[in-house]
A.B. asks: 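First, the structure itself, so that you have it in front of you.
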Protein chains: 2
Amino acid sequence: MQNLSKNQQIIFDLIDKSPEPLKAYSILFNVQKKGIKAPLQVYRALDKLVEIGKIHKIESRNAFIACQNSSCQISKATAFSICESCEKVTEINNSNLSKYLTSFKDKNGMKYNKYNLEFFGLCKKCISKKS
Amino acid sequence: MQNLSKNQQIIFDLIDKSPEPLKAYSILFNVQKKGIKAPLQVYRALDKLVEIGKIHKIESRNAFIACQNSSCQISKATAFSICESCEKVTEINNSNLSKYLTSFKDKNGMKYNKYNLEFFGLCKKCISKKS
DNA sequence: TTACAAAGTGTTATATTATAACAATTTAAC
DNA sequence: GTTAAATTGTTATAATATAACACTTTGTAA
Ligand SMILES: [Zn+2]
Ligand SMILES: [Zn+2]
Ligand SMILES: [Zn+2]
Ligand SMILES: [Zn+2]
């Protein structure tokens, strides 16, 4: 794996140190002091980082999170849990799940080379708040 | 299940007869002759239709498809296959898969009440075109 | 080491997707 | 019938994402 370019590194560092998924324009706002001024600069870096698997897009939230799991091969098999109350997002690393889904074959015979799974629920903190 | 309102019915009919997922502004364009003039009218109907499980949102495509599967309980457990070449989308109805995912428990102990899964690959037609 | 291609950058403009706010109307329940 | 809930209509605006073009840097190989 080659090194990241300047913009890619700046944006990856920001996402990687964030405890929560970041949205593109929030990233833009946060890197303007580093000279990244336009949305396109952000989106290009995001596209590349997603492509090489350093970050993932949480599709239901239009937000980006650093990969927690070097073994999800280049973003081909991703799963997340999302708390619908506090919006905490965690990447799921479960070999049973990934084996099951990677080898899943639909009855139509189509073979998949990629998947993205998002689970929704309440995290432990939010469940205990409710009681 | 109660009846749909006027706008909801118009928009559902359009989505239901479409062979492919429809995007909100394409829906808007197609229902303007029926008196629906503003994006909000479309989005409100879409929100409601998703909520009651008559349609699903394909998150990776920002597009909407009619439910093919009355048994996916009110949009709580959805799975789709998406052809990355022709963009054909099919709702997967596989009880093994839904059982596996509905009962899936992460090691963090979080229990999920909802999931959405999108598989990506090439459909049969697109595979044969390539050869 | 020079040429060439590929990848990355900077910039302006614009396209696409989605919601806020407010008033009016229709529908469903009591 | 009265009230509450859901739906509609409308204008404006917010949020997300890409097009097009010129230029620069980086990697590769003759
Ligand atoms: Zn990952
Ligand atoms: Zn939570
Ligand atoms: Zn369905
Ligand atoms: Zn196809």
Side-chain angles (χ1 to χ4, degrees), chain A residues 1-15 18 20-65 74-75 82 84 87 89 116 118, chain B residues 1-15 18 20-65 74-75 82 84 87 89 116 118:
Chain A
M1 166 130 25
Q2 77 277 25
N3 286 328
L4 300 179
S5 75
K6 181 172 128 270
N7 289 358
Q8 290 160 14
Q9 189 69 58
I10 290 169
I11 285 170
F12 175 71
D13 287 344
L14 182 70
I15 296 172
S18 170
E20 63 200 0
L22 294 178
K23 291 171 159 255
Y25 277 72
S26 143
I27 292 168
L28 175 58
F29 178 80
N30 276 283
V31 296
Q32 280 179 328
K33 53 195 167 235
K34 304 221 168 157
I36 296 176
K37 289 171 186 163
L40 202 42
Q41 295 175 288
V42 173
Y43 280 104
R44 284 195 287 223
L46 290 173
D47 285 351
K48 187 65 180 185
L49 291 167
V50 166
E51 183 192 328
I52 64 178
K54 301 276 287 181
I55 65 172
H56 302 303
K57 183 174 185 181
I58 309 301
E59 293 286 357
S60 65
R61 299 300 187 262
N62 297 317
F64 299 86
I65 193 176
I74 318 294
S75 289
I82 302 171
E84 288 182 301
E87 293 294 324
V89 174
N116 180 58
E118 298 181 3
Chain B
M1 166 132 23
Q2 78 276 27
N3 287 328
L4 299 178
S5 74
K6 180 172 129 271
N7 287 359
Q8 290 159 14
Q9 189 70 58
I10 290 169
I11 286 169
F12 175 72
D13 288 345
L14 182 70
I15 295 172
S18 169
E20 63 200 0
L22 295 178
K23 290 170 160 259
Y25 277 72
S26 142
I27 292 169
L28 176 58
F29 178 80
N30 276 282
V31 297
Q32 279 180 329
K33 52 196 167 234
K34 305 221 167 158
I36 295 176
K37 290 171 184 161
L40 242 199
Q41 295 174 287
V42 173
Y43 280 105
R44 285 194 287 223
L46 290 173
D47 286 350
K48 186 67 180 183
L49 291 167
V50 166
E51 182 192 328
I52 64 179
K54 301 277 287 180
I55 66 172
H56 303 302
K57 183 174 186 182
I58 309 301
E59 293 286 358
S60 66
R61 299 299 187 262
N62 297 318
F64 299 85
I65 192 176
I74 318 294
S75 289
I82 302 171
E84 288 182 300
E87 293 294 324
V89 175
N116 179 58
E118 298 181 3

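Protein chains get the first letters and strands the later ones, always in sequence-line order, with residue 1 at the start of each. Keep in mind it's a predicted model, so treat the numbers as computed, not measured.
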A.B. asks: Using the side-chain contact (heavy atoms from CB on, under 4.5 Å) definition, which of the options A:E20, A:K57, A:H56 pairs with A:I65?
C.D. replies: A:H56
A.B. asks: Could you say whether B:S26 or A:Q41 is positioned toward the 5' end of DNA chain C, judged by the nucleotide with the nearest heavy atom to each?
C.D. replies: A:Q41
A.B. asks: Does OP1 or OP2 of C:dA18 have a side-chain N or O of B:N62 closer than 4.0 Å?
C.D. replies: yes
A.B. asks: Does a side-chain N or O of A:K6 approach OP1 or OP2 of C:dG10 to a distance below 4.0 Å, or not?
C.D. replies: yes
A.B. asks: What is the distance, to the nearest angstrom, from the CD1 atom on B:I58 to the C1' atom on C:dT17?
C.D. replies: 16 Å
A.B. asks: Which nucleotide in the set D:dA17, C:dA18, C:dT11 lies at the smallest distance from any side-chain heavy atom of A:K37?
C.D. replies: C:dT11
A.B. asks: Between A:Q9 and A:K6, is there a donor-acceptor pair closer than 3.5 Å when you use the side chain of the first and the backbone of the second?
C.D. replies: no
A.B. asks: Just checking, is any N or O donor in the side chain of B:S60 or A:E59 under 3.5 Å from an acceptor N or O on the other one?
C.D. replies: no
A.B. asks: Just how far, in rounded Å, is P of C:dA7 from CG of A:N3?
C.D. replies: 16 Å
A.B. asks: Just N and O in the side chain of B:K23: are any of them under 4.0 Å from OP1 or OP2 of D:dA17?
C.D. replies: no
A.B. asks: Check the distance between D:dT7's P and B:L46's CG and give it to me in whole angstrom.
C.D. replies: 14 Å
A.B. asks: Taking the side chain as everything from C-beta on, heavy atoms only, tell me whether A:I82 gets closer than 4.5 Å to A:E87.
C.D. replies: yes
A.B. asks: Rounding to an integer number of Å, can you tell me how far A:R44 CZ sits from D:dT24 C1'?
C.D. replies: 12 Å
A.B. asks: Can you find a donor-acceptor N/O pair under 3.5 angstrom joining the side chain of B:Y25 to the base of C:dA18?
C.D. replies: yes
A.B. asks: Does D:dA17 have its OP1 or OP2 closer than 4.0 Å to a side-chain nitrogen or oxygen of A:Y43?
C.D. replies: yes
A.B. asks: To the nearest Å, give me how far apart CD1 (B:I36) and C1' (D:dG9) are.
C.D. replies: 11 Å
A.B. asks: Please report, rounded to the nearest Å, how far the C1' atom of D:dT8 is from the NZ atom of B:K48.
C.D. replies: 14 Å
A.B. asks: For D:dT8, take OP1 and OP2 only and decide whether either is under 4.0 Å from a side-chain N or O of B:S5.
C.D. replies: yes
A.B. asks: Calculate the interatomic distance between A:L40 atom CG and D:dA22 atom P; express it in whole Å.
C.D. replies: 16 Å
A.B. asks: Is there a side-chain contact between B:N7 and the phosphate of D:dG9, meaning an N or O under 4.0 Å from OP1 or OP2?
C.D. replies: yes
A.B. asks: Figure out the NZ/C1' separation between B:K34 and D:dG9, and round it to whole Å.
C.D. replies: 19 Å
A.B. asks: Between B:F64 and A:Q8, just flag the one whose closest nucleotide in DNA chain C comes earlier from the 5' side.
C.D. replies: A:Q8
A.B. asks: Short question: side chain of A:E51, backbone of A:K48 - any donor-acceptor pair under 3.5 Å?
C.D. replies: no
